Amino acid sequence: MITKEATKAAPAPARIAPEPPRPAKRHRAWDEAPRWQIYLPLGIYLVFTLIPFYWILLFALRPAGSTSLVPWPITFDHFEKVWTERSFGTYFQNSVLVGVATLLMTTVVALAGGYALARFDFKIKRAFMLGLLCSQFVPGALLLVPLFEIFAELRMINSLGSVILAETVFQLPLSMILISNFIKNVPYSLEEAAWVDGCNRMRAFRVVVLPLLRPGLIAVGSFAFVHSWNHFLFALMFLNNQEKQTIPVGLNTLMSADSVDLGALAAGGIIAAVPVVIVFAFIQKWLITGFSAGAVKG
């Protein structure tokens, strides 16, 4: 007979912990593409993108008359030829001057116009914005004749100032629209707080708003610089003196009706491309941030 004390003293049977549920096997969703469908098109695109660059390097670095598919022995004679004999050193300086001046003028004017569009309301604001948008559909070739007549009256033909002004005018509409969107993303209450602290509008803009516009200003300035660096028509039409020409016009002089110096042309193309690649390598983070911020509706 089992007594009550024996029942109390008997240990309770140990509990077996249940096994944790195994994670269900993940099945690929119907809208999720397999990896090879992503990497294969990207690989094909990468090959078609890199082959022209390799071909340019091949012609620029291998000796003249060579048919080798590997640039060996490497020579820099083509670079020396275009830099000294073909005056690419002068073209490079002119392109830098035009690009930097266009960058500064476009950024300053677009900053003032974009602030007015973002912070002030006036009667013709919508019509003005519509005009800015419609101006982007006008090709630059249609502006050559009126701009040439204007610069001829101002005696600015064969001057780098004419190219700088033309490039600035061509870049301003899009730059003003972008900067106005950047400024709209800055809360208006920040400026009001600065006014309460005793700042006037100019000081509040310089202290509060302008530091927040750094990504947008870099995006707009880099876009203006690259466009003016690569633009061909304005420099060809407004500059007659060889000492005032820019790199795109200089590249055009390397091609004639009878023959083309492929080595010199490839070396000149690399000289023209390297500064732009270096600039974008340094400002890539700011550029992506700036364009993404300007795409948000304020």
Side-chain angles (χ1 to χ4, degrees), residues 86-118 120 122-125 127-180 202 205 216-255 268 271-272 275-276 279:
R86 297 294 186 141
S87 303
F88 257 68
T90 304
Y91 300 155
F92 188 87
Q93 294 177 4
N94 295 336
S95 293
V96 170
L97 179 60
V98 171
V100 173
T102 303
L103 183 154
L104 294 176
M105 292 182 61
T106 302
T107 305
V108 171
V109 179
L111 186 61
Y115 184 83
L117 292 175
F120 297 102
F122 45 93
K123 293 183 179 179
I124 61 172
K125 181 177 179 178
F128 185 74
M129 291 289 292
L130 181 62
L132 291 179
L133 292 174
C134 291
S135 65
Q136 298 303 298
F137 298 100
V138 179
L142 294 180
L143 301 176
L144 291 177
V145 174
L147 287 176
F148 187 88
E149 294 292 334
I150 294 173
F151 292 142
E153 292 293 331
L154 297 175
R155 298 181 180 180
M156 295 182 64
I157 297 298
N158 201 29
S159 171
L160 291 178
S162 60
V163 180
I164 294 171
L165 287 177
E167 295 289 351
T168 302
V169 170
F170 195 76
Q171 294 296 318
L172 270 180
L174 180 60
S175 300
M176 289 178 62
I177 294 173
L178 290 176
I179 289 185
S180 66
M202 181 62 68
F205 172 77
L217 295 178
I218 292 176
V220 170
S222 61
F223 187 78
F225 176 82
V226 172
H227 186 274
S228 61
W229 180 274
N230 295 324
H231 206 186
F232 174 74
L233 286 178
F234 290 158
L236 179 67
M237 290 295 297
F238 303 148
L239 302 176
N240 300 324
N241 191 350
Q242 185 178 1
E243 296 180 356
K244 298 295 182 65
Q245 291 174 349
T246 58
I247 281 185
V249 182
L251 289 173
N252 186 57
T253 60
L254 298 177
M255 298 181 292
I271 293 174
V276 178
V279 169

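Throughout, numbering of the chain's residues begins at 1 and tracks the sequence. Since we're looking at a predicted model, the values are computed, not measured. Because only heavy atoms are used, hydrogens play no part in the values below, and waters and symmetry mates are left out as well, while side chains stay in.
The two residues Ser222 and Ala219 come nearest to each other via the heavy atoms OG-O, 2.9 Å. When every heavy atom of Ala235 is checked against every heavy atom of Val163, the shortest pair comes out as CA-CG2, 4.1 Å. For the residue pair Leu132 and Pro173, the shortest heavy atom distance occurs at O-CB, 3.7 Å.
A donor-acceptor pair is defined here as one N or O able to donate and one able to accept, closer than 3.5 Å; such a pair exists between the side chain of Lys125 and the backbone of Phe120. Trp229 places no side-chain N or O within 3.5 Å of a backbone atom of Ile247 that could act as its donor or acceptor partner. Side chain of Thr253 to backbone of Gly250: a donor-acceptor contact under 3.5 angstrom is found.
Side-chain contact between Ser228 and Gln171 is absent, with no heavy atoms from C-beta onward closer than 4.5 Å. No side-chain heavy atom of Phe223 sits less than 4.5 Å from a side-chain heavy atom of Leu178. Side chains of Val169 and Leu147 form no contact here, defined as non-hydrogen atoms less than 4.5 Å apart. Ile150 is not listed as a side-chain neighbour of Met156, based on a closest heavy-atom distance of 4.5 Å or more. Residues Leu160 and Leu97 form a side-chain contact, since some pair of their non-hydrogen atoms from C-beta on lies under 4.5 Å apart. Between Phe128 and Met176 there is a side-chain heavy-atom pair separated by less than 4.5 Å. Looking only at side-chain heavy atoms (C-beta outward), Leu144 and Phe234 come within less than 4.5 Å of each other.
Glu243 meets the side chain to side chain donor-acceptor pair (under 3.5 Å) test with no other residue; sequence neighbours excluded. Every residue meeting the side-chain contact (heavy atoms from CB on, under 4.5 Å) condition with Ala101, not counting sequence neighbours, appears here in chain and number order: Ile164. Remark: Phe232 engages Leu236, Pro248, Val249, Asn252 in a side-chain contact (heavy atoms from CB on, under 4.5 Å) (not counting sequence neighbours). Residues that satisfy the side-chain contact (heavy atoms from CB on, under 4.5 Å) test with Gln93, not counting sequence neighbours, are absent from this structure.
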Might you work through the side chain to side chain contact (heavy atoms under 4.5 Å, CB included) test for Phe122 and Leu117, ending with a clear yes or no?
-> CA-CA 9 Å; Phe122 45 93; Leu117 292 175; 3.9 Å; yes
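Ring pair Tyr91/Phe88 is perpendicular by interplanar angle, where above 60° counts as perpendicular and below 30° as parallel.
Legend: side chain to side chain donor-acceptor pair (under 3.5 Å) pairs involving residues 148-168, not counting sequence neighbours, sorted by first then second residue: Glu167-His227, Glu167-His231.
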Going by atom type alone, with no hydrogens or angles, which donor-acceptor pairs under 3.5 Å involve a side-chain atom of residues 106-114 and a protein atom two or more places apart or on another chain?
| unit_1 | atom_1 | unit_2 | atom_2 | d |
| --- | --- | --- | --- | --- |
| Thr106 | OG1 | Thr102 | O | 2.7 |
| Thr107 | OG1 | Leu103 | O | 2.6 |

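For Leu142, the CG atom is densely surrounded, since the number of other residues' heavy atoms within 6.0 Å is greater than 12.
To the nearest 0.5 Å, the span separating OG on Ser135 from CD1 on Ile177 amounts to 6.5 Å. In this structure, Met105 CE and Leu165 CG are separated by 5.0 Å, a value rounded to the nearest 0.5 Å.
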